[in-house]
Protein chains: 2
Amino acid sequence: MAQRATITQVAQRAGVSIASASRALNGLTSATATVEAVRAAARELGYIPDATARSLKLGRTLQLAYAVADIGNPVYVEMMAAIQEVVSGAGYRLLVTNTGDAAGTVDLVTSLQRGYADGMVLSPLRVTDELVAAVAQSPVPVVVLGRMPESAGVDTVAPDSAGGIALAVAHLHAIGARRIAFVNGPADTIPGRVRGGAFVAAAGPDAPVVSAADFTAAAGHAVAHALLSGPDRPDAVLAANDLLAIGVLHAADQLGLSTPDQLAVVGVDDTELGKLFRPALTSVDLGASERGRRAAELLLERLNDPHKKPQQVVVPAALSVRRSSDVKGEPMADDARAPHQQDQEGER
Amino acid sequence: MAQRATITQVAQRAGVSIASASRALNGLTSATATVEAVRAAARELGYIPDATARSLKLGRTLQLAYAVADIGNPVYVEMMAAIQEVVSGAGYRLLVTNTGDAAGTVDLVTSLQRGYADGMVLSPLRVTDELVAAVAQSPVPVVVLGRMPESAGVDTVAPDSAGGIALAVAHLHAIGARRIAFVNGPADTIPGRVRGGAFVAAAGPDAPVVSAADFTAAAGHAVAHALLSGPDRPDAVLAANDLLAIGVLHAADQLGLSTPDQLAVVGVDDTELGKLFRPALTSVDLGASERGRRAAELLLERLNDPHKKPQQVVVPAALSVRRSSDVKGEPMADDARAPHQQDQEGER
DNA sequence: ATGAAAGCGCTAACAC
DNA sequence: GTGTTAGCGCTTTCAT
């Protein structure tokens with residue numbers, strides 16, 4: 001563990017003042033001879049400028065934070081990977097935090113006042129008034145992944161859940177499904193509410209909807225087993241995410257229902273799991289990676305121009321059709337864009 | 001975006017010196033009246049101490065870094081979640097970085113000289129002499145996930161790959177497998193080399209081994225299709241990770257081989273994917289979460305005592321037996337501990 | 001118990 | 001082009 005050299009030592013060794021050393025190192029006006037001497041001294045001493053001191057002086061940390069409720073969730077990981085890439089490309093380091101519950105999220109946003117990061121991408125579990133207030137109060141810009149009232153005055157990036165689910169319902173109708181059921185997650189979550197509402201809008205108020213205890217395969221299996229054993233068995237199921245859909249496939253298999261012939265199944269999120277499962281799962285791609293990328297870009301843009309108008313970006317959805325809903329009627333398009341995506345983004 | 005208050009303002013408002021304000025806030029010796037006045041002033045101003053200034057003064061950032069080659073890989077994510085939990089519990093923030101290739105890793109370790117973190121958990125793709133040197137030179141402690149020469153003098157946390165693979169081979173023998181093949185990933189990677197070597201050690205030099213182009217299901221499928229179509233078809237396959245194993249299952253299914261009767265399949269890593277796949281995948285659990293936790297703990301311990309002896313921890317492996325290798329002969333134990341785990345950790 | 005002052009390492013006026 | 005100086009916000013001697 002080597003001892004670190006300071007700019008003072010570099011200056012001494014080069015025989016110049018500290019200011020000259022700083023200038024030479026940062027490429028400001030200085031004589032060629034000075035630059036060389038300083039560079040040499042720095043090299044010999046293995047000098048690397050201290051990030052903390054620099055931050056204190058400059059008023060910026062060159063760090064950005066990504067806060068999310070459950071860092072184990074593949075969708076958030078996908079976003080994180082995209083964010084990490086954009087952010088590091090711009091010379092920033094990425095801080096990752098688990099918010100846990102809703103209260104934790106508010107604390108986290110207020111903690112930004114400590115000034116350990118120049119901005120934050122926040123993926124909140126729920127949007128409370130308290131959270132909106134905290135975000136508005138934040139001393140550094142926050143970009144929210146999800147929707148927020150425009151009055152909050154923050155940049156947001158949201159998926160086009162409604163468009164994506166409409167796409168899935170249309171697809172199921174097209175392959176001849178007569179009775180489409182929706183397997184939702186808990187209705188008191190944001191995705192549960194939004195996706196459930198979108199399904200009703202797309203499939204009509206009479207389409208059957210059941211809610212699983214949480215967004216897991218086990219919960220999906222439990223609720224699907226009942227659904228598929230009961231009267232008026234559906235011939236297609238749209239699940240609120242891929243895990244639930246896998247649970248549905250398990251139940252169908254267990255009950256001896258063949259997929260897709262007797263039961264077509266579609267998920268949401270288009271995860272790796274769905275692609276590798278057999279039968280491969282048709283799924284609504286909500287563009288997690290793209291959302292992460294856009295959020296990071298919006299944050300960087302706002303850092304450059306704090307006064308620009310807040311944007312509400314909606315990332316378009318797509319449908320990846322695979323074996324779990326692929327019957328002869330439908331051509332094997334691997335990808336379809338949402339027709340009614342409401343991308344409200346402005347310039348760029 | 002509120003303006004942030006400084007300790008100077010708090011001191012003024014409370015009618016005391018800056019030093020007294022600092023002492024009162026940090027719980028050092030000060031009169032009760034002073035404490036109250038300062039607390040009140042701080043509350044009224046919404047004062048929160050600046051992390052950067054504090055870091056500069058204290059010489060510690062309260063940040064730890066986690067560096068990994070591919071942040072999208074579920075195994076690394078599992079480790080990250082565990083690290084995040086330990087680290088944040090101890091009051092540290094977690095910085096996450098993608099190293100990319102091997103050269104990037106060395107740069108990253110040297111970049112620690114910037115002093116933006118108090119320590120690092122490093123999960124290197126390959127261990128080169130250059131990297132060992134960089135780690136040894138690091139101004140802050142580095143804990144390596146993987147093995148390193150003891151002479152490097154750093155704390156390491158490694159999986160017991162050999163023990164885990166021996167467990168899998170023994171299990172396959174126990175269920176009656178006569179001819180066990182190993183589907184490896186690229187042999188020029190660390191896991192490829194270690195796991196391949198462990199298999200040969202456990203199954204003997206005559207056991208068939210093939211190498212896939214990378215650690216993906218597609219690569220596993222390709223190589224397994226050839227393996228299972230050729231002469232001397234194996235009756236069991238151990239794959240170097242779960243993705244490869246899924247590829248093997250795809251190939252078996254495609255060739256009309258029933259699992260586990262005609263072909264038993266076992267993976268390594270015990271991922272969520274394997275648990276949800278049908279047939280559910282038997283897999284060697286290398287304790288990713290536990291490794292992440294131990295690495296973070298070792299880092300914290302070293303921060304507390306920089307002079308303690310470097311430790312080489314080996315986390316025990318276990319076998320999760322599931323349907324893909326579950327034949328009647330074997331009782332349905334869900335979990336078995338490695339008998340020859342070589343846990344070399346010292347105290348604690 | 002408290003205040004004055006030094007200083008962490010760096011950058012940016014400012015004057016020469 | 002370069003040196004002197006101030007100062008980012010905080011903690012911590014050192015006197016008192």
Side-chain angles (χ1 to χ4, degrees), chain A residues 2-39 41-42 45-63 91 111-118 139-140, chain B residues 2-39 41-42 45-63 91 111-118 139-140:
Chain A
Q3 245 346 285
R4 305 178 41 205
T6 74
I7 198 170
T8 311
Q9 297 168 29
V10 173
Q12 277 179 346
R13 184 170 190 118
V16 298
S17 75
I18 309 177
S20 292
S22 173
R23 276 188 294 254
L25 259 12
N26 290 322
L28 300 186
T29 57
S30 47
T32 323
T34 310
V35 174
E36 299 214 343
V38 172
R39 285 241 179 92
L45 292 172
Y47 169 76
I48 298 197
D50 182 76
T52 308
R54 204 152 195 280
S55 294
L56 181 59
K57 181 66 199 181
L58 297 181
R60 5 182 286 153
T61 58
L62 290 181
Q63 292 185 166
S111 84
L112 280 174
Q113 300 208 37
R114 294 188 184 280
Y116 58 82
D118 299 339
V140 297
Chain B
Q3 245 347 285
R4 305 178 41 205
T6 74
I7 198 171
T8 311
Q9 298 169 31
V10 173
Q12 276 180 347
R13 184 169 189 118
V16 299
S17 75
I18 308 178
S20 293
S22 173
R23 277 187 293 255
L25 257 12
N26 290 323
L28 300 186
T29 57
S30 47
T32 322
T34 310
V35 174
E36 299 215 343
V38 172
R39 284 240 179 93
L45 293 172
Y47 169 76
I48 299 197
D50 182 76
T52 307
R54 205 151 194 281
S55 294
L56 181 59
K57 182 67 200 177
L58 297 181
R60 2 182 289 153
T61 58
L62 290 181
Q63 293 186 164
S111 84
L112 279 174
Q113 300 209 37
R114 293 186 184 284
Y116 57 81
D118 299 338
V140 298

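Just so it is clear: chains get the letters A, B, ... in the order the sequence lines come, proteins before strands, and each one is counted from 1.
In terms of polar N and O atoms assigned as donor or acceptor, the side chain of Arg23(A) comes within less than 3.5 Å of the base of dG3(D) in a complementary pairing.
Of the side-chain N and O atoms in Ser22(B), one or more sit less than 4.0 angstrom from OP1 or OP2 of dT11(D). Using a 4.0 Å cut-off, some side-chain N or O of Ser20(B) falls inside it from OP1 or OP2 of dG3(C). Between Arg54(A) and dT11(C) there is a side-chain N or O to OP1 or OP2 distance below 4.0 Å.
Rounded to an integer number of Å, the gap from OH of Tyr116(B) to P of dC10(C) is 16 Å. Counting to the nearest Å, the P atom of dT11(C) and the CG atom of Leu56(A) are 12 Å from each other. Spacing between atom CD1 of Ile18(A) and atom P of dG7(C) amounts to 13 Å, rounded to whole angstrom units. The separation between Ile7(A) atom CD1 and dG7(C) atom C1' is 16 Å, rounded to whole Å. One atom, CG of Leu28(A), and another, C1' of dT11(C), lie 9 Å apart when rounded to the nearest Å. Rounded to a whole Å, the CD atom of Gln113(B) is 15 Å from the C1' atom of dG9(C). One can place CG of Leu25(B) at 16 Å from C1' of dA1(C), the figure rounded to the nearest angstrom.
Of the possible polar contacts, none joining the Asn26(A) side chain to the Leu28(A) backbone as a donor-acceptor pair under 3.5 Å is found. Between the side chain of Arg4(A) and the backbone N or O of Gln113(B) there is at least one donor-acceptor pair closer than 3.5 Å. Of the possible donor and acceptor atoms, one in the side chain of Ser55(A) sits under 3.5 Å from a partner among the backbone N and O of Ala51(A).
Considering only the side chain of Lys57(A), dG7(D) comes nearest among dG3(C), dG7(D), dC8(C). Among dG9(C), dG3(C), dG1(D), the nucleotide with an atom closest to any side-chain atom of Thr34(A) is dG1(D). Of all nucleotides listed (dA1(C), dG3(C), dG9(D)), dG9(D) comes nearest to the side chain of Asp50(B). Of the candidate nucleotides dG3(C), dG3(D), dG9(D), dG3(C) has the atom lying nearest to any side-chain atom of Val16(B). Of the candidate nucleotides dT2(D), dC10(D), dG9(C), dG9(C) has the atom nearest to the side chain of Thr6(A). Closest to the side chain of Ala19(B), from the set dG9(C), dG3(C), dT4(D), is dG3(C).
No engagement by Ser55(A) is indicated, since no non-hydrogen atom pair under 4.0 Å with the nucleic acid exists. Nucleic acid contact class of Leu58(B) (heavy atoms, under 4.0 Å, all strands): sugar-phosphate only. Ala31(A) comes within 4.0 angstrom of the backbone, heavy atoms only, and of no base.
Of all non-hydrogen atoms in Leu56(B) and Thr52(A), the two that sit nearest each other are N-CG2, 3.4 Å. Closest of all the heavy-atom pairs between Leu25(A) and Ala42(A) is CD1-CB, 4.4 Å.
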